[in-house]
Number of protein chains: 2
Amino acid sequence: MKRGVGQGGYSLREKIFKKLRKDILNGKYKAGDSLVEMKLAEEMGVSRTPVREAIRQLELEGLVSSIPNKGVFVEGITRQDIQDIYAIRECMEGLAARWAIERIDEKTLKELENIYDLMEFYTAKGDLDQVGELNSQFHDIIFESTKSKPLMQVLSDFQYYIENIRLASLKAPGRAMQSLIEHKAIVQAFKDRDIEKGERVLVEHIRNSRLNVERMPRA
Amino acid sequence: MKRGVGQGGYSLREKIFKKLRKDILNGKYKAGDSLVEMKLAEEMGVSRTPVREAIRQLELEGLVSSIPNKGVFVEGITRQDIQDIYAIRECMEGLAARWAIERIDEKTLKELENIYDLMEFYTAKGDLDQVGELNSQFHDIIFESTKSKPLMQVLSDFQYYIENIRLASLKAPGRAMQSLIEHKAIVQAFKDRDIEKGERVLVEHIRNSRLNVERMPRA
DNA sequence: AAATTCTGTATTGTATACAATATAGTTATC
DNA sequence: GATAACTATATTGTATACAATACAGAATTT
């Protein structure tokens, strides 16, 4: 079977959704740009149907807005949005820490430690892209450990929104090492099942990340 | 033009989305039920296309999950989800209060006061459904006043998820009056532009709402 | 009887065809 | 020349047609 969007993953719709979302978040499509179904479909070598469905999902996420019979326009996310997201995370990750420490099982805890070890390794090696990827996994594991669908959904989405800027900010001088230390403290609190400490260090980690991002030069 | 889902609103897809979401939240479709596109389309007198698009959106919201080539199954929201949502709101509405008080304009403030007055009126009258509707509007205005897209999106969705139970809990003896008093304190803090007090009373209001819901008999 | 293959059916996934709407440009009218 | 009505085009909205897949149950083989 030949496909125009690339193999792997599953339905066309899903692949298209992810591709468009990525392209909006990394700036290929800028705020105000119009997305024409037919044009996108041709570019990707598919029909309008899966493109439409992907767009409907982007619409729900607020990444595009659609004016009936007129067109779909990119909303994107602004620098202000990113700051807001950090502020929201700062208050929600405290909850996440609490719930995760209460509910995480030994196997997942080991996984978390393992990811931390890899972060250590790749930080020493200087492969920050890899560290960024591990960073996402690290926090995703915490989200999932909360066993809370509402919390997971919000935080996972937000984490994806800010992935690019987060990756860039990891490259600020000294930040990678500082971030590593913070993750170490988080892992330790989880191993000790110390809820109060876990809340504190995780929130502090988010705050430091936010401050680091705010110090960054505007893209 | 004749339409099968009822006039008003806009596109079929949007109406179908709202209808399905409502039916999931009020329990017409229970967790585990399968949603068959063709069946829904026939019931509503439309084609599969808009139904599919609505389902894709529900999927993104996590209200249904879809297994490729097999079917779409209702996830619904559990009692645990609702408790989690209250916990999340409890920490996020502090932020909301802060940002809203900083950014709300006089006109919107007046609107908020106006809604409060109406709540007072309908509470006295005993029309709790009306009070519930005003309650939603009251909090939506606060969300919008934050001018924060990420915060608005999360809190508006969550507010809708718990609307039914919130309405039911308003009917607990004494709760309506207590809720009214809490809203009065919120309005006052907004008028005084007293951020600290606003945070405190709004968070307290959410906590009381949560406690009230937790005391409710299980549906 | 157990295991395997086949086949039919239900359902979704994708493509295409047709309808409705918005907009811009053009022509007609004053 | 300004304004209004018309027309053409671009785009989305909806419906239908066709393809792929999953699954259950029958037929077949061992």
Side-chain angles (χ1 to χ4, degrees), chain A residues 1-21 23-24 29-75, chain B residues 1-21 23-24 29-75:
Chain A
M1 188 204 303
K2 221 174 71 171
R3 280 181 161 165
V5 182
Q7 265 63 1
Y10 210 77
S11 64
L12 283 180
R13 176 236 323 158
E14 201 175 330
K15 286 185 248 175
I16 295 169
F17 170 69
K18 286 180 178 165
K19 174 175 163 37
L20 289 177
R21 185 175 63 167
D23 285 345
I24 291 173
Y29 299 119
K30 294 180 191 62
D33 286 1
S34 88
L35 296 182
V36 179
E37 291 171 10
M38 200 54 200
K39 213 174 124 213
L40 293 172
E42 274 171 14
E43 276 172 22
M44 305 194 224
V46 298
S47 80
R48 276 176 60 205
T49 308
V51 174
R52 275 185 71 79
E53 296 187 352
I55 287 178
R56 293 287 83 82
Q57 296 191 308
L58 293 171
E59 193 183 352
L60 200 74
E61 285 217 328
L63 289 175
V64 307
S65 68
S66 138
I67 303 176
N69 294 307
K70 191 167 172 216
V72 173
F73 302 90
V74 175
E75 292 286 335
Chain B
M1 190 203 302
K2 220 173 72 173
R3 282 180 159 165
V5 185
Q7 267 63 1
Y10 210 78
S11 63
L12 283 179
R13 174 234 327 158
E14 200 175 333
K15 284 185 249 175
I16 295 170
F17 169 70
K18 285 180 179 164
K19 173 175 164 38
L20 289 178
R21 186 175 61 166
D23 284 346
I24 290 173
Y29 300 120
K30 292 178 191 64
D33 286 2
S34 88
L35 297 182
V36 178
E37 292 172 8
M38 200 55 202
K39 213 174 123 214
L40 294 172
E42 272 170 16
E43 277 172 24
M44 305 192 222
V46 300
S47 79
R48 276 176 61 206
T49 309
V51 175
R52 276 184 70 79
E53 297 187 350
I55 287 179
R56 293 286 84 81
Q57 297 192 307
L58 294 171
E59 193 184 352
L60 201 73
E61 285 216 330
L63 290 175
V64 305
S65 68
S66 141
I67 300 176
N69 293 307
K70 192 169 170 212
V72 173
F73 302 91
V74 174
E75 292 287 334

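These numbers come from the heavy atoms of this one structure, side chains and all, not from hydrogens, waters or symmetry mates. Chain letters run A, B, ... following the sequence lines, proteins first, then strands; residues in each count from 1.
A heavy-atom distance below 4.5 Å is found between the side chains of Met44(B) and Leu20(B). Taking 4.5 Å as the limit, some side-chain heavy atom of Arg21(A) sits within range of a side-chain heavy atom of Leu58(A).
Taken to the nearest 0.5 Å, the OH atom of Tyr29(B) stands 13.5 Å off from the CG atom of Leu63(B).
OP1 or OP2 of dG13(D) lies within a sub-4.0 Å distance of a side-chain N or O belonging to Arg52(A). For Arg56(B), a side-chain nitrogen or oxygen approaches OP1 or OP2 of dG13(C) to under 4.0 Å. Distances shorter than 4.0 Å separate some side-chain N or O of Lys70(B) from OP1 or OP2 on dC23(D).
The nearest heavy atom of DNA chain D to Pro68(B) and to Thr49(B) marks one nucleotide each, and the one closer to the 5' end goes with Thr49(B). Each of Ile67(B) and Ser47(A) was assigned the nucleotide of DNA chain C with the nearest heavy atom; the assignment lying further toward the 5' end belongs to Ile67(B).
The CG-P distance, from Leu40(A) to dA10(D), rounds to 17 Å in whole Å. Nucleotide dA15(C) holds its C1' atom 13 Å from the CD atom of Glu42(A), rounded to whole Å.
Listed by chain and number, the residues in a side-chain hydrogen bond (donor to acceptor under 3.5 Å, both in side chains) with Glu59(B) are Arg13(A), Arg56(B) (sequence neighbours excluded). Evaluation of the side-chain hydrogen bond (donor to acceptor under 3.5 Å, both in side chains) rule for Glu53(B) yields Arg52(A) as partners, not counting sequence neighbours.
Checking dT14(D), dT21(D), dT11(D) against the side-chain heavy atoms of Asn69(B) singles out dT21(D) as nearest. Among the nucleotides dG13(D), dT12(C), dA15(D), the one closest to any side-chain atom of Val36(B) is dT12(C). The side chain of Arg48(B) lies closest to dT12(C), out of dG13(D), dA15(C), dT12(C).
Of all heavy-atom pairs between Ala41(B) and Arg48(B), the closest is CB-N, 4.0 Å. Contact record, Phe73(B) with Gly32(B): CD2-O, 3.8 Å, taken as the closest heavy-atom pair.
Rounded to 10°, the angle separating the first-five-pair axis and the last-five-pair axis of the helix from dA1(C)-dT30(D) to dC30(C)-dG1(D) equals 10°.
Contact annotation for Leu35(A): backbone-only contact, meaning every heavy-atom pair under 4.0 Å involves sugar-phosphate atoms and none involves a base.
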